[in-house]
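This is a predicted model, so every value here is computed, not measured. To find a chain, count down the sequence lines: A is the first, B the second, and so on, and within it residues start at 1.
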Amino acid sequence: MQERIDGAGDLPATLERWRERDVFGASLRARAGAEPWVFYEGPPTANGRPGAHHVLSRVFKDIYPRYKTMRGYRVDRKGGWDCHGLPVEIAVEQKLGLKSKAEIESYGIEEFNRRCRESVFEYVEEWNRLTERIGFWLDLDDAYRTLDESYIESVWWALAQIAEKGLLYEGHKVVPYCPRCGTALSSHEVALGYRDVVDPSVYVKLRLLDSDESILIWTTTPWTLPGNVAVAVGPEIEYAKVRYGGETLILASGLVEKVLGGGAEVLQRMPGTELIGRGYRSPIFAMADRSPGGAPIIAGDFVTTEDGTGLVHIAPAFGEDDFRAAVAAKAGPIDPDNPGTVYNPVRPDGTYDARVRSIDGERSYEGRFVKDPQLAEDLIADLDAHGLLFKRQDYEHSYPHCWRCATPLIYYAKASWYIRTTAVKERMAQANQTVDWHPGHIRDGRFGEWLKGNVDWALSRERYWGTPLPVWRCPEGHTKVIGSFDELQRLSGESLQDHHRPYVDRIELRCAHEGGPEGEVCGQPMRRVPEVIDVWFDSGAMPFAQHHWPVENDERFAERFPADFICEALDQTRGWFYSLLAISTLLFDKAPYRNVVCLGLILDAEGQKMSKSKGNTVEPWQVIDTHGADAFRWYFFTSKQPWDGYRFSEEAIGEGVRLFLKQLWSTYFFYVLYAHANRDALADSAAAGEMSELDRWALSRTAATAQLVAERLDDYDATAAGRAIAELVDDISNWYVRRSRRRFWDGDPVAFETLRSCLIAIAKLLAPFCPFIADEIYDNLDGSLPSVHLCDFPVGDELPPREQELEAAMATARETVKLGLGARAKAKVKIRQPLAEAVVVADGRERAAIERLKGIVEEELNVRRVRFVDAAE
RNA sequence: GGGCGAUUAGCUCAGUCGGUUAGAGCGCUUCUCUGAUAAGGAAGAGGUCCCUGGUUCGAGUCCAGGAUCGCCCA
């Protein structure tokens with residue numbers, strides 16, 4: 001033992017020692033043949049700096065694998081990096097000053113993707129440094145990377161499997177679409193970007209063809225009016241013809257008062273069915289390719305009278321309901337199998353095409369961006385100038401925005417590739433039932449409810465930096481899904497070093513489809529479709545793709561699927577938690593994880609969400625430099641249940657340091673100080689004396705805590721486990737040591753041995769929580785193994801068996817002492833002043849307990865003897 | 001509008017199966033101790049357990065409705 005008493009235990013020297021002794025590697029090797037306990041790393045993207053919330057998830061990803069390792073399992077911890085996707089592309093676009101897909105293409109996909117490949121690891125050094133410094137043991141040298149050829153090949157295999165089951169299809173739908181990124185988004189991406197905004201809503205009068213009456217429609221998206229081809233009414237809804245301000249208007253009866261106020265005179269009431277089939281003047285705006293005429297009123301089962309007018313303007317290119325209603329009513333030029341023919345005057349970049357002109361036809365709106373607020377104002381002014389505007393009203397609602405570039409999304413008719421997840425919806429729900437969620441309500445609450453509303457996964461992205469969709473297609477429309485690089489090479493005769501765009505786009509196949517009238521082979525050239533896939537599919541494929549399975553590593557994958565444990569923030573319910581489950585259900589019909597810990601959000605001290613724009617983010621390095629990594633970890637583990645979220649404050653971390661880490665350190669310091677001072681005496685005290693009741697109590701309390709900590713950690717309750725350790729440390733420091741001080745001054749070897757045993761056990765209990773201070777204490781007091789992290793968790797026979805009766809007796813004795821000290825204070829007799837006796841009113845069990853520990857009570861109260869009287873007296 | 005969650009002392013949080021006078025830490029006041037602790041100990045001030053109703057001998061806890069906040073969805 002050395003007299004190491006500097007600092008608070010969280011020493012960079014500890015890290016150095018781990019490196020020298022290769023402790024992480026040794027901890028894995030020590031469990032080489034043991035039963036595996038499987039952890040999956042949810043891959044972060046390393047193109048930005050890690051923040052406090054990353055520290056949160058990384059320390060929770062660390063504690064359970066450390067604990068399970070100490071319990072005897074082999075816990076491989078393969079790191080991972082998410083490398084593809086829009087977040088990366090957008091960062092590169094900004095760096096290069098590119099503003100659109102056209103600019104990217106003229107810059108060159110090859111060079112653009114090269115920049116993406118570089119950018120994705122821009123901060124990887126800082127991630128690695130932080131990961132190491134906070135004590136997150138993760139195999140970073142052998143991390144999987146979603147951009148690797150092996151990874152992509154496994155993803156292709158998965159897609160080919162899904163295609164073989166008939167669950168991959170090209171669908172023609174109205175999709176949430178980011179006009180800036182030029183791509184459709186999946187529902188879970190849409191879910192990431194809702195924001196509250198105020199949009200102008202307008203009530204528009206449309207004159208009927210067969211009378212001078214007008215129907216009144218309402219929309220929050222005036223920009224969709226040039227795409228209008230019909231108006232829908234609810235067949236079951238009652239409508240009213242009313243006289244108002246010299247005009248005759250038609251709207252739902254139930255909304256007359258809400259929309260028009262009191263000044264409306266109802267002339268007639270009619271069911272919606274009476275309106276269906278009548279025509280109104282169309283188009284609303286002058287469209288270069290449409291001559292003035294009429295458009296029909298059609299039925300729409302989605303029409304409600306909750307807001308608006310009960311008459312809904314239909315622009316099939318910009319709304320799913322609109323699309324379906326228009327198809328059903330055959331309204332407008334529509335071919336449901338070819339959405340290119342849906343009437344759509346908006347270009348893929350979100351601007352109007354040349355057809356859109358002002359109502360009088362004199363000005364062109366070509367090139368105007370549809371979500372530009374000024375465009376809405378111009379359109380409204382145009383409507384007003386031509387007597388079509390009834391009124392405008394600002395409408396506050398939450399509206400989806402692109403989760404990465406923050407552009408408001410539009411709903412837009414286009415072709416996309418889908419995975420028919422709805423085919424396995426029930427199976428996903430059943431797989432979900434096998435998962436232990438922490439907290440438990442996620443299973444049937446948030447996640448269960450989300451699964452119930454499952455829709456097909458919009459998989460494709462018309463982008464550049466991603467896993468290419470391995471679908472080749474010939475001019476006849478025959479498709480081939482490629483499931484491996486071998487297969488591609490066999491069919492094309494070409495081999496690739498890199499299967500990313502643009503290289504993979506150059507590979508041509510010959511169509512082998514045997515569909516001709518005589519059964520002849522098609523034989524036409526096949527080109528790859530242009531899309532890449534949703535990055536969430538990449539990360540969701542990691543259970544097998546990280547091992548390049550099924551191309552190799554059969555055994556490794558079999559052993560490591562499903563995971564025993566994953567842990568991410570709550571927002572991953574619709575992200576990684578979902579993509580893992582969906583892919584796993586599609587391919588293996590089972591859940592890919594057994595236990596999930598969901599972490600909450602980190603808020604600032606005022607309860608505000610942390611964001612860069614508010615400037616209230618917490619810089620992890622600052623916390624580590626001020627308080628140390630153990631303190632940071634301890635705060636996250638013990639300040640509250642992690643799923644409830646945190647109100648982050650440095651003071652709270654400081655409090656944890658002072659109350660727990662400093663207390664532990666000074667107890668250890670005390671031991672080291674006196675053990676060092678008494679080293680000669682201790683060295684030749686072969687004849688150790690009997691343990692006192694106090695010694696046995698300390699050991700029993702320690703054993704009790706070890707049991708409790710193990711039980712709580714088995715239940716993924718680090719909070720209660722950590723708090724139990726803190727209570728133990730307080731008992732040892734403020735009771736065991738305080739009551740035993742004289743023995744330490746006098747060099748009593750039994751006291752030293754007892755305290756040492758407790759401290760070593762505490763170090764082991766604490767090792768998963770605060771790996772630095774735990775190892776420092778262990779290494780100095782024991783050191784029989786190169787690190788505490790190579791030890792077994794102290795739930796075996798390291799400690800003598802518990803003595804529960806003694807624990808209970810001590811609790812009674814301490815309560816007695818508390819009352820005695822209170823009585824002294826009340827009588828203003830200082831503790832220094834010895835007293836002849838303390839009179840204790842107690843009988844039965846209580847009295848026996850105090851009697852047993854009489855000496856301790858007498859010493860603490862500074863009385864010569866304790867005298868008992870029965871409660872009856 | 002729907003789903004999920006939260007609301008307990010000035011602050012941060014516990015509160016088990018429905019059961020004594022609702023607890024801890026921090027902060028505050030007074031006293032005390034001090035040969036490890038910017039520590040410890042004792043006493044005190046501080047509570048409409050978000051509100052309303054219900055079930056019950058008994059509700060912080062269970063049920064219903066509402067309010068506020070957060071997240072997710074439409």
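Note: A:Tyr418 and A:Trp457 fail the aromatic proximity criterion, with ring centroids not under 6.0 Å apart.
Of the candidates B:rG40, B:rA36, B:rC72, B:rA36 carries the atom nearest the A:Ser666 side chain, counting heavy atoms from C-beta on. Closest to the side chain of A:Ser733, out of B:rA14, B:rA36, B:rC72, is B:rA36. Residue A:Arg647 places its side chain closer to B:rC13 than to any other of B:rA36, B:rC71, B:rC13. Of the candidate nucleotides B:rG5, B:rC71, B:rC13, B:rG5 has the atom nearest to the side chain of A:His441.
Contacts of A:Phe447 with the nucleic acid, taken as non-hydrogen atoms under 4.0 Å apart, are absent. Residue-level contact check: A:Thr573 touches neither bases nor backbone, having no heavy atom under 4.0 Å from any strand. When heavy atoms are screened at a 4.0 angstrom cut-off, A:Val737 is found touching base atoms of the nucleic acid. Among the protein residues, A:Leu659 comes within range of the sugar-phosphate backbone only, with heavy atoms under 4.0 Å from sugar or phosphate atoms but none that close to a base.
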I would like to know whether A:Phe637 and A:Trp634 meet ring pair (Phe, Tyr, Trp, His ring centres under 6.0 Å); could you show each step before the answer? CA-CA 5 Å; A:Phe637 293 141; A:Trp634 186 250; 7.7 Å; no

Are A:Phe744 and A:Tyr671 close enough, and set up right, to give a ring pair (Phe, Tyr, Trp, His ring centres under 6.0 Å), and what steps lead you there? CA-CA 8 Å; A:Phe744 289 102; A:Tyr671 174 86; 7.3 Å; no

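Taking atom C1' on both nucleotides, B:rU34 is separated from B:rU7 by 43 Å, rounded to a whole Å. As rounded to the nearest Å, B:rU16 and B:rG54 have C1' atoms that lie 25 Å from one another. Between B:rC50 and B:rA6, the two P atoms lie 12 Å apart (nearest whole Å). Taking atom P on both B:rA43 and B:rG25, the two are 12 Å apart, rounded to the nearest angstrom. B:rG10 sits 16 Å from B:rA22 when the P atoms are compared, rounded to a whole Å. Here the separation of B:rU61 from B:rG15, taken at their C1' atoms, is 9 Å to the nearest Å. Taking atom C1' in both B:rG27 and B:rA9, one finds a spacing of 11 Å when rounded to whole Å. B:rG23 and B:rG5 have their C1' atoms separated by 24 Å, given to the nearest Å.
Nucleotide B:rG15 holds its C1' atom 14 Å from the CG atom of A:Asp644, rounded to whole Å. Rounded to an integer number of Å, the gap from CZ of A:Phe660 to C1' of B:rC26 is 17 Å. The interatomic distance linking A:Tyr578 (OH) with B:rC72 (C1') rounds to 16 Å, in whole Å.
Below 30°, between 30° and 60°, or above 60°: for A:Phe648 and A:Tyr635 the angle between ring planes is above 60°, a perpendicular geometry.
Checking A:Leu570 against A:Glu860, the closest nucleotide of RNA chain B that is more toward the 5' end is the one next to A:Glu860. Residues A:Gly645 and A:Asp444 each lie close to RNA chain B; by heavy-atom proximity, the contact nearer the 5' end of the strand is made by A:Asp444.
A close approach under 4.0 Å does not occur between any side-chain nitrogen or oxygen of A:Arg446 and OP1 or OP2 of B:rG3. The side chain of A:Lys662 contributes no N or O atom lying less than 4.0 Å from OP1 or OP2 of B:rU37. Dashed line: the shortest gap from a side-chain N or O of A:Tyr668 to OP1 or OP2 of B:rA36 is not under 4.0 Å. Close to B:rA36, at under 4.0 Å from its OP1 or OP2, lies a side-chain N or O of A:Trp745.
Pairing for B:rG5 goes to B:rC69, judged as Watson-Crick or G-U wobble with the two contacts each under 3.5 Å. Pair assignment for B:rC62: B:rG54, on the basis of Watson-Crick or G-U wobble contacts that are both within less than 3.5 Å. When both distances must be under 3.5 Å, the Watson-Crick or G-U wobble mate of B:rA22 does not exist. When both distances must be under 3.5 Å, the Watson-Crick or G-U wobble mate of B:rG40 is B:rU32.
Of all heavy-atom pairs spanning A:Leu409 and A:Pro176, the tightest one is CD1-CB, 4.3 Å.
Side-chain atoms of A:Asp436 and A:Tyr716 include no donor-acceptor pair closer than 3.5 Å.
At a threshold of 4.5 Å between non-hydrogen side-chain atoms, the residues A:Ser692 and A:Arg743 count as touching.
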